[in-house]
Participant: 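Can you keep this structure in mind? I'll have questions shortly.
Just so we're clear, the structure is a prediction, and the values are computed from it rather than from any experiment.
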Amino acid sequence: MSRSRPARADAARNREKLVAAGARVFGDRGLDAPLEEVARRAGVSIGTLYNHFPARQDLFDAIFPVRLAELDRLAAAALDDPDPWSGFAGFIEGIVALQAADRGLNDVLARRFPLASELSEACHRGFEHLAAITVRAKEAGQLRSDFEVTDLVPLMWAMSQIIRESGDAAPTVWRRFLGVYLDGLRAGAAHPLPVPALSPDQMAEFMGG
C-alpha cells in the first residue's frame, strides 16, 4: 500500500504537468502542435503522455472546458449590464478576445478539430447565453431584428482567420474588424440582408448534432 500511494501521487502530478504544458503549447501554437513538445515541456516521456491521454482529443477535453467556462462569466456580465447593447457587444468582444489570447482556443471556437463531449457542451452553453443576451438587446430596440444566434458562427470563422493571419504584425487588428461588424448590427444601421441566417439544422450539423 505504501508503494502504490507514491505511484498514484506521481501519476497525478504528471497529469497536472501535462495539462499545464498542453495549455501553454496549444495556446502558443494551436491544436495541431506536436504532442512531443507537450511532453517535453511537462518533463515527461511521450509514453507517459499517452498513458494519461491516449488520444489528442482527451488532452483537449482536459484543458479547454475550464477555459470555455469563461463564457459563463462573460454572459453574466452582459446580462447584468444596464445597457443591453453594451452587454451584447461586450459579450461578443469578450469571446473574440479569448480567441485572440489563445491559439488553441481560437482553433476550438473555429471548429478546426472535432470536439469531444465536454467541449461541445461548453460551446452549446455559450450559444444559449448568446440567445438570452440577443433577446434582451432586440427587445430594447438596439440590435437589428434579423440578427440570429447562428450569425455568430461565420463571425467566429472570420475572426479566427484574421487572428491567425495577423499574427505578431498586427495583433489587435481584429478589434477594428469587429468594431465595423458590430456597428452593422445596430438597429439604426439595418438594411435587408441578401441571404438568410444558418438554419437550425445547419447549426446542429456545425455543433456536432
Participant: With sequence neighbours left out, what residues match T48 under side-chain hydrogen bond (donor to acceptor under 3.5 Å, both in side chains)?
Facilitator: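 With neighbours one apart ignored, the set is S45.
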
Participant: Does A131 offer a backbone N or O that forms a donor-acceptor pair with the side chain of R136 under 3.5 Å?
Facilitator: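 No; judged by distance alone, with no hydrogens or angles, the pair does not exist.
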
Participant: Sorted by first residue and then second, give each ring-ring contact (aromatic ring centres under 6.0 Å, His included) pair with at least one member in residues 17-51; sequence neighbours left out.
Facilitator: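 Of all non-adjacent pairs touching residues 17-51, those that pass ring-ring contact (aromatic ring centres under 6.0 Å, His included) are F26-F60.
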
Participant: Output yes when a side-chain donor or acceptor of D107 lies under 3.5 Å from a complementary backbone atom of G30, and no otherwise.
Facilitator: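 Pair absent, no side-chain N/O of D107 close to backbone of G30.
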
Participant: Would you say the side chain of I92 lies within less than 4.5 Å of the side chain of L130, judging by non-hydrogen atoms?
Facilitator: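 When only atoms from C-beta onward are counted, I92 and L130 do touch, with a gap below 4.5 Å.
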
Participant: Mind listing the side-chain donor-acceptor pairs of residues 15-24 below 3.5 Å, one per line with the distance, residues two or more places apart or on another chain?
Facilitator:
none

Participant: What closest approach, in Å, do A78 and I133 show between heavy atoms, and which atom pair accounts for it?
Facilitator: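 The answer is CB-CD1, 3.7 Å.
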
Participant: Looking at residues at least two apart in the chain, or sitting in another chain, which of them share a salt bridge (charged side-chain N to carboxylate O under 4.0 Å, His left out) with D28?
Facilitator: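 With neighbours one apart ignored, the set is R41.
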
Participant: Can you check salt bridge (charged side-chain N to carboxylate O under 4.0 Å, His left out) on R125 and E128, steps first, answer last?
Facilitator: CA-CA 5 Å; R125 197 166 64 250; E128 289 172 357; over 6 Å; no

Participant: Can you confirm whether W157 sits close enough to S160 that some side-chain heavy atom of one is under 4.5 Å from a side-chain heavy atom of the other?
Facilitator: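 When only atoms from C-beta onward are counted, S160 and W157 do not touch, as no gap falls below 4.5 Å.
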
Participant: Checking K138 side chain against L143 main chain: does a donor-acceptor pair fall under 3.5 Å?
Facilitator: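 Checked: no pair found.
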
Participant: With sequence neighbours excluded, tell me which residues meet side-chain contact (heavy atoms from CB on, under 4.5 Å) with V66.
Facilitator: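 So V66 forms no side-chain contact (heavy atoms from CB on, under 4.5 Å) with any residue.
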
Participant: Output side-chain donor-acceptor pairs under 3.5 Å for residues 93-101, partner residues at least two apart or in another chain, one line each.
Facilitator:
residue, atom, partner, partner atom, Å
E93, OE2, R175, NH1, 2.5
Q99, NE2, N106, OD1, 2.8

Participant: If the condition is salt bridge (charged side-chain N to carboxylate O under 4.0 Å, His left out), which residues does R144 pass it with, not counting sequence neighbours?
Facilitator: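 R144 satisfies salt bridge (charged side-chain N to carboxylate O under 4.0 Å, His left out) with D146 once adjacent residues are dropped.
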
Participant: Could you state the interatomic distance from CG (L71) to NE2 (H129), rounded to the nearest 0.5 Å?
Facilitator: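 With rounding to 0.5 Å, CG (L71) is 6.5 Å from NE2 (H129).
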
Participant: In chain order, what residues pass the salt bridge (charged side-chain N to carboxylate O under 4.0 Å, His left out) check against D58, with sequence neighbours excluded?
Facilitator: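 With neighbours one apart ignored, the set is empty.
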
Participant: Taking all heavy atoms of P171 and all of S166, pick out the closest pair and write down the distance.
Facilitator: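 The pair with the smallest heavy-atom distance is CA-OG, 4.4 Å.
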
Participant: Going by side-chain hydrogen bond (donor to acceptor under 3.5 Å, both in side chains), name the residues that satisfy it together with N51, two or more places apart in sequence or in a different chain.
Facilitator: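 N51 satisfies side-chain hydrogen bond (donor to acceptor under 3.5 Å, both in side chains) with no other residue.
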
Participant: Ignoring hydrogens and geometry, is there a side-chain-to-backbone donor-acceptor pair from D151 to E148 under 3.5 Å?
Facilitator: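 Flag set: sc D151 to bb E148 pair under 3.5 Å.
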
Participant: Taking only residues two or more places apart in sequence or in another chain, which ones pass ring pair (Phe, Tyr, Trp, His ring centres under 6.0 Å) with F147?
Facilitator: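 Partners of F147 under the ring pair (Phe, Tyr, Trp, His ring centres under 6.0 Å) test: F88.
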
Participant: Output all residues satisfying side-chain contact (heavy atoms from CB on, under 4.5 Å) with E36, sequence neighbours left out; order by chain, then residue number.
Facilitator: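 Residues passing side-chain contact (heavy atoms from CB on, under 4.5 Å) with E36: P34, I46.
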
Participant: Using 0.5 Å steps for rounding, measure from the CZ atom of R176 to the CD1 atom of I162.
Facilitator: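 So the CZ of R176 and the CD1 of I162 are separated by 11.5 Å.
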
Participant: Okay, side chain of Q142, backbone of W85: is any donor-acceptor separation there less than 3.5 Å?
Facilitator: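 Side chain of Q142 to backbone of W85, a donor-acceptor pair under 3.5 Å: yes, one is there.
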
Participant: State, yes or no, whether a side-chain contact exists between F64 and L59 at a heavy-atom distance under 4.5 Å.
Facilitator: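 The answer is no; the side chains never approach within 4.5 Å.
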
Participant: So, does R103 use its side chain to make a donor-acceptor pair with the main chain of I163 at under 3.5 Å?
Facilitator: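 Side chain of R103 to backbone of I163: no pair is present.
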
Participant: If the condition is side-chain hydrogen bond (donor to acceptor under 3.5 Å, both in side chains), which residues does D81 pass it with, not counting sequence neighbours?
Facilitator: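 Here the qualifying residues are S86.
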
